[in-house]
Amino acid sequence: VGKDGKNGGREGKAKRPRKLLTIADWQRAARQRLPRPAYDYFRSGADDELTLERNERAYDDWVIWYRVLRDVSAPRLATTVLGQEIQSPILIAPTAYHRMAHPDGELGTARAAAARGTILVASTLATTSLEEIAEATRAPKWFQLYVHKDRGFTKSLVERAEAAGYDAIVVTVDTPVLGRRLRDERGGFGLPEGLRMENLVAALAEGPPDGSTLSHYVADRHDASLTFADLAWLRELSHMPVVVKGVVRADDAAACVSAGVAGIIVSNHGGRQLDGAPATIDAVSGVVDAVGGRADVLVDGGIRRGTDVLKALALGARAVLVGRPVLWGLAVGGEAGVVAVLELLDKELARAMALAGCASVAELDRGLVARSRAR
Ligand code: FNR
Ligand code: LAC
């Protein structure tokens with residue numbers, strides 16, 4: 001995809017900003033390309049979208065007390081997460097329905113993650129089967145799991161993921177019920193004809209599931225009785241490390257680590273679940289302190305700039321994940337669009353690190369950031 005965002009071939013030369021220089025540019029371009037119901041589903045938060053907005057705005061409350069006179073001639077973004085080497089600390093968060101954004105779908109997203117040396121977390125609700133996604137690249141990939149009341153089906157998903165070569169299970173725990181997405185409800189959102197939640201087709205035997213049943217699917221199938229005790233059961237299902245996604249409290253993080261999980265993703269589902277939840281960036285340091293190095297802490301939600309990534313890593317996150325920015329890249333340019341978005345964020349992070357006096361992500365420490373003092 002050229003800087004003008006042109007990827008040729010796609011009908012309809014909708015007008016959009018000539019150059020896609022920021023994630024906000026990519027979002028505007030995606031908005032012009034996507035059918036409105038699809039755009040609304042991707043961008044929506046729950047209820048009044050207070051947390052959706054707070055996730056992004058909270059980064060403005062943190063300032064970077066940059067260092068000078070350090071050799072930053074070649075900033076290095078490479079790091080490890082769960083012991084797996086990555087060239088960038090920016091992972092792709094699990095999001096549903098990639099084929100609704102672009103025909104490349106999850107195969108494009110997976111290939112883009114591999115091309116950028118990072119990790120795709122594939123959603124249970126993908127529009128491509130976990131096996132096909134796994135075949136798309138040899139790069140490390142994680143599988144995001146929703147625990148169903150039907151524990152046998154849940155077990156089969158985990159076993160399929162392990163057999164397909166996934167490198168971790170990410171169990172999402174902030175969705176016992178689905179958050180209320182008003183735009184989707186008003187518009188009667190449903191998965192477009194021809195798209196299905198491919199991992200669930202067998203389980204939802206009564207005809208191909210569509211997005212309009214998303215809240216019904218969650219209500220019917222998600223296990224809202226899940227507790228910390230189930231983490232031991234989950235760990236025994238495979239040899240893959242277990243990461244818990246959707247935690248904001250330090251005490252919950254500590255309980256997860258006591259249950260033997262390998263990672264915690266500080267997340268509020270991008271503001272799509274409990275409206276009124278805290279911004280994730282404000283939850284990171286409490287979770288990091290409670291975990292005390294016994295597991296890797298990652299964070300997602302509202303990350304739109306390289307400086308946001310720098311702040312999250314300085315506060316102790318091992319890596320971050322981005323959700324919507326990847327969807328905007330996918331919508332505008334398929335696999336190439338996702339590569340371009342990830343490259344944009346990597347370049348912004350490298351520039352921010354140089355300007356902050358940090359030659360590697362290991363040098364990003366708490367001393368670099370502080371809450372901005374009220375004027
Ligand atoms: C999500 N998210 C999500 N999380 C998850 O565990 N399983 C899922 O299937 C989905 N689906 C999904 C769809 C869409 C359209 C969005 C926007 C989000 C949440 C996602 O993993 C992540 O927590 C947030 O997207 C991070 O916030 P940002 O980067 O989108 O602001
Ligand atoms: C969502 C569910 C699918 O956020 O996780 O839409």
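Read the numbers this way: they start at 1 and go in the same order the structure lists the ligands and their atoms. The shown structure was predicted, so the numbers you read here are calculated from the model rather than taken from an experiment.
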Got the closest protein heavy atom to atom 31 (O) of ligand 1, with its distance?
R304 NH2, 2.6 Å
Closest approach of any protein heavy atom to atom 16 (C) of ligand 1, naming residue and atom:
R272 NE, 3.4 Å
For I119, the hydrophobic cluster (side chain heavy atoms closer than 4.5 Å, chained through members) also holds V81, L82, I86, L91, V121, W142, V170, V243, I265, L298, L321
May I ask you to identify, for Q144, whether its side chain, its backbone, both or neither come under 4.0 Å of ligand 1 on a heavy-atom basis?
side chain
Taking 4.0 angstrom as the limit and counting only heavy atoms of S267, give me the atoms of ligand 1 inside it, by number and element.
23 (O)
Shortest protein heavy-atom distance from atom 9 (O) of ligand 1, along with the residue and atom involved:
S123 OG, 2.8 Å
Within 45° cone of F143 ring axis and under 6.0 Å: R160 NZ or CZ
no
Return the closest protein heavy atom for atom 22 (C) of ligand 1 as residue, atom name and distance.
D300 OD2, 3.2 Å
With distance as the sole test, does D275 use its side chain to make a donor-acceptor pair with the main-chain N or O of D48 at under 3.5 Å?
yes
Nitrogen or oxygen atoms of G302 and ligand 1 under 3.5 Å apart
yes
Keeping R324 on the side-chain end and G270 on the backbone end, is there a donor-acceptor pair under 3.5 Å?
yes
At a 4.0 Å threshold, what atoms of ligand 1 neighbour a non-hydrogen atom of F42?
15 (C), 17 (C)
Using a cut-off of under 3.5 Å, which N/O atoms of ligand 2 pair up with protein N/O atoms, and what distance separates each pair?
| residue | atom | partner | partner atom | Å |
| --- | --- | --- | --- | --- |
| ligand 2 | 4 (O) | R181 | NH2 | 3.1 |
| ligand 2 | 4 (O) | H269 | NE2 | 3.0 |
| ligand 2 | 4 (O) | R272 | NE | 2.8 |
| ligand 2 | 5 (O) | Y146 | OH | 2.6 |
| ligand 2 | 5 (O) | H269 | NE2 | 2.7 |
| ligand 2 | 6 (O) | Y41 | OH | 2.6 |
| ligand 2 | 6 (O) | R181 | NH1 | 3.0 |
| ligand 2 | 6 (O) | R272 | NH2 | 2.8 |

Per side chain to side chain contact (heavy atoms under 4.5 Å, CB included), D252 is matched among V247, V244, V173 by V247
Is the shortest side-chain N to carboxylate O distance from R371 to D282 below 4.0 Å?
yes
E49 pairs by salt bridge (charged side-chain N to carboxylate O under 4.0 Å, His left out) with which of R54, R183, R43, R181?
R183
Which residue and atom name correspond to the protein heavy atom nearest atom 6 (O) of ligand 1, and how close is it?
T172 OG1, 2.7 Å
Among all protein heavy atoms in this structure, tell me which lies nearest to atom 11 (N) of ligand 1, with the distance rounded to 0.1 Å.
A96 N, 3.3 Å
Do H222 and T175 have a side chain donor and acceptor closer than 3.5 Å?
no
Assess the side chains of T154 and H148: does a donor N or O sit below 3.5 Å from an acceptor N or O?
no
At what distance is the nearest protein heavy atom to atom 4 (N) of ligand 1, and which residue and atom is it?
K245 NZ, 3.0 Å
Transitive ILVMFWY cluster of W65, excluding itself - 4.5 Å side-chain cut-off
V63
So, using side chain to side chain contact (heavy atoms under 4.5 Å, CB included) as the criterion, who are the partners of E132 when residues are at least two apart?
R99, L107, T128, S129
At less than 4.0 angstrom from any non-hydrogen atom of G301, what atoms of ligand 1 do you find?
26 (C), 27 (O), 31 (O)
side-chain contact (heavy atoms from CB on, under 4.5 Å) for V171 and V147? Distances and angles first, verdict last.
CA-CA 7 Å; V171 57; V147 176; 3.8 Å; yes
Tell me whether Y41 has any N or O atom under 3.5 angstrom from an N or O of ligand 1.
no
Shortest heavy-atom approach to atom 2 (N) of ligand 1 - which of A93, G270, P94, G323
P94
Quick one: nearest non-hydrogen protein atom to atom 8 (C) of ligand 1, plus distance?
Y146 OH, 3.5 Å
Give me the atom names and distance for the closest heavy-atom approach of Y59 to K311.
O-NZ, 2.8 Å
Run the numbers for me: atoms of ligand 1, each under 4.0 Å from some heavy atom of V322, listed by number.
29 (O)
Q273 side chain vs D174 backbone, donor-acceptor pair below 3.5 Å:
yes
